[in-house]
Protein chains: 2
Amino acid sequence: MAVTIRDVAKRAGVSLGTVSRYLNGYKLREENRIKVEKAIQELGFKQNIIAKGLKSNRSMTIGVVIDDFTNIFCTSIVTAIERTVERENYSIILCDYEGDTEKLQQKLNFLRDRFVDGLILFSNNVHLSIMDEYIRDGIPIVIVNEDIPGFNTDKVLVDNVGASFRAVERFIHSNHTQIAIINGPHDSWVSQQRFEGYRQALEAYNLPVESRWIKYGNFTTVGGYLAAKEFFKGADVPTALYVTNYYMTLGAVMAIHELNIKVPQELSLIGFDYFELSDVIKPSLTVIEQPTLKMGEIAGNLILKRIKGDYTGYPEVHKLHTRMIIRDSVRIIS
Amino acid sequence: MAVTIRDVAKRAGVSLGTVSRYLNGYKLREENRIKVEKAIQELGFKQNIIAKGLKSNRSMTIGVVIDDFTNIFCTSIVTAIERTVERENYSIILCDYEGDTEKLQQKLNFLRDRFVDGLILFSNNVHLSIMDEYIRDGIPIVIVNEDIPGFNTDKVLVDNVGASFRAVERFIHSNHTQIAIINGPHDSWVSQQRFEGYRQALEAYNLPVESRWIKYGNFTTVGGYLAAKEFFKGADVPTALYVTNYYMTLGAVMAIHELNIKVPQELSLIGFDYFELSDVIKPSLTVIEQPTLKMGEIAGNLILKRIKGDYTGYPEVHKLHTRMIIRDSVRIIS
DNA sequence: TTGTATGCGTTATCAA
DNA sequence: TTGATAACGCATACAA
């Protein structure tokens with residue numbers, strides 16, 4: 001069927017062991033090296049990664065679990081992860097769990113059955129029991145974006161508190177005091193942290209945290225849309241609105257368009273995540289940009305490092321800074 | 001290390017062959033079956049899918065190649081593919097090629113090196129030479145969404161011509177004659193088909209196809225935005241606009257908002273793809289919905305069927321119908 | 001530096 | 001039906 005190292009050995013007139021050693025980067029006598037290389041060329045030999053895995057206990061795959069395939073924030077990071085690990089000939093098996101904890105468990109089992117060499121996890125809704133199995137088997141885990149605070153492993157996070165703080169502070173510096181927030185779900189660490197930054201900024205400037213300015217949008221477009229509408233139901237409306245993720249920001253913008261609220265004249269707005277659309281919306285939005293490419297790269301390199309057995313600095317917790325992209329959606333009240 | 005079928009055999013007091021046969025669904029003597037099941041339970045045995053692959057020449061993986069991880073249309077289909085093949089314990093290796101033909105080749109090679117059991121391809125920009133290698137190795141290929149007309153294999157497509165025809169016809173029935181289109185790139189089969197439907201509808205109703213009503217948006221949000229703006233630069237503006245994919249539709253809506261054009265009073269609009277946002281935009285859009293879930297399911301089942309060696313009906317070409325979701329963005333001119 | 005032999009966890013062939 | 005044994009393609013310990 002396929003050409004094996006046995007065929008190559010025969011063709012080159014050396015032993016199978018020699019070919020194997022050549023493939024694994026050991027030094028050969030110059031003369032043999034040339035013969036082997038020639039035979040490989042001529043036969044079009046390709047290593048069988050599966051057989052290799054059987055011996056070496058390496059599958060050359062990395063499991064990546066995200067919430068949802070259609071979440072552009074996650075897939076942006078995954079793009080970078082893939083690009084990174086591919087360079088070392090690893091491939092990723094990407095799974096989503098559609099927000100269902102049960103399904104998440106199932107996927108983690110699935111990945112373990114496939115002997116992934118490492119796991120990159122975008123979630124905090126995970127039973128620690130299965131994580132323990134990974135650890136027991138020596139499979140490295142990198143957590144991305146969502147933290148599991150009690151769980152000790154490598155992490156690639158974002159400074160969500162700081163990001164929120166600076167956004168809200170910008171409103172405050174522009175003399176806003178009625179600053180509303182559309183936040184994500186309660187059980188999300190990211191969500192909690194972003195709220196914490198909001199709270200801390202208000203506190204730092206001696207402004208009250210008022211429940212009438214706080215709504216929840218579940219990190220979805222529809223959620224953001226509905227929450228924004230809620231804020232403008234009565235006469236008591238905010239002058240500034242901070243929306244804590246991309247999809248809710250889109251939803252909020254749609255609601256604002258629909259209600260014919262002028263930004264920034266009637267409402268100042270800061271949103272989250274800088275994708276294509278942010279450029280295109282009118283007025284252009286001041287947004288917080290998360291370093292998705294960098295996150296993916298770091299996560300990819302980190303898992304590769306651990307897979308190689310290099311556990312220096314373990315556990316590494318990267319907390320990356322966001323950038324605030326200043327545009328036209330915040331008005332200075334004078 | 002891990003528990004093998006050898007361990008199970010010893011524990012159960014049978015031979016390793018018996019255990020293997022049990023695992024592969026062969027009948028055992030009742031008494032042995034119980035012993036084996038008990039041993040598997042007690043030892044927590046799991047099959048090693050890699051070793052299995054070595055013998056059976058099955059990797060239990062399916063390669064899926066899409067243009068871009070962040071394309072929600074593709075990932076919606078992938079979600080369904082994954083759900084489908086997962087039921088038979090297959091996993092997918094998802095690759096994107098970021099619109100780069102070179103990279104696409106590279107990914108296809110990469111997947112072949114990993115012995116994928118099947119290939120699902122969302123692209124028409126592919127050198128047929130590597131496809132031939134897949135075929136030579138007996139690896140089934142299913143093409144999704146984008147067709148490669150000369151290439152003979154299973155396909156899951158959408159009736160793009162019909163979809164466009166009906167959209168444009170709807171404008172015509174509402175007495176529009178100045179019907180503009182924002183189309184995708186020239187080298188995309190989907191794009192060509194959608195244009196063809198536009199053309200055919202105009203022709204069927206004896207309306208001229210005019211170049212001033214035709215622009216290209218490269219299937220991107222920014223492209224749709226810019227194209228829409230172009231249409232409204234001068235005094236000569238269309239009364240109806242048909243936008244041939246989701247991202248361009250978003251961009252066009254943003255442009256229209258920015259220009260303060262009233263939909264449907266000043267402009268009637270039909271867009272493509274029915275995702276979360278379509279519900280939320282004001283006014284709600286009449287859109288063409290593609291059956292992404294069904295597409296993924298069919299593609300998944302089709303590749304599984306071929307992998308099993310069932311080549312009945314080959315090549316199957318599925319051409320699915322779209323639905324038009326009628327909302328408030330088309331005005332009847334009286 | 002090289003060749004030989006053994007084993008990774010499975011499936012498949014052949015007798016029994 | 002079952003057990004023993006030989007592969008699958010490769011890596012590696014050991015001897016040469």
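The shown structure was predicted, so the numbers you read here are calculated from the model rather than taken from an experiment. Every heavy atom of this structure was used, including side-chain atoms; hydrogens, water molecules and symmetry mates were not. Here is the naming used below: chain letters follow the sequence lines, and residue numbers restart at 1 for every chain.
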Between A:L54 and B:G13, which has a closest nucleotide on DNA chain D that is more 5'?
B:G13
Please report the interatomic distance OH(B:Y97) to CD(B:E102), rounded to the nearest 0.5 Å.
13.5 Å
Which distance, rounded to the nearest 0.5 Å, do you find between the CD of B:Q47 and the CD1 of B:I5?
8.0 Å
Reading 5' to 3' through nucleotides 11-16 of chain D, protein heavy-atom contacts under 4.0 Å coded B for base, S for sugar-phosphate only, - for none:
BBB---
In whole Å, I'd like the distance from the CD1 atom of B:I50 to the P atom of C:dT11.
14 Å
Please determine whether a side-chain nitrogen or oxygen atom of B:N57 lies at a distance below 4.0 Å from atom OP1 or OP2 of D:dC8.
no
Under 4.0 Å between a side-chain N/O of A:S15 and OP1 or OP2 of C:dG3, yes or no?
yes
Between the side chains of A:S91 and B:R114, is a donor N or O closer than 3.5 angstrom to an acceptor N or O?
yes
Any non-hydrogen side-chain atom of B:H321 less than 4.5 Å from a side-chain atom of B:K294?
no
A:N48 vs D:dC8: side-chain N/O to OP1/OP2 distance below 4.0 Å
no
What is the separation between atom CZ on B:R58 and atom C1' on D:dC8, rounded to the nearest whole Å?
15 Å
Starting from P on C:dT10, measure out to NZ on B:K46 and report it in whole angstrom.
13 Å
Are A:I120 and A:V65 side-chain neighbours, meaning at least one heavy-atom pair lies under 4.5 Å?
no
Would you indicate whether the side-chain heavy atoms of B:F219 and B:V190 approach each other to under 4.5 Å?
yes
Rounded distance (Å) that lies between atom P of C:dT10 and atom CZ of A:F115
8 Å
Please work out if B:F45 contacts a base, only the sugar-phosphate, or nothing of the nucleic acid, heavy-atom cut-off 4.0 Å.
sugar-phosphate
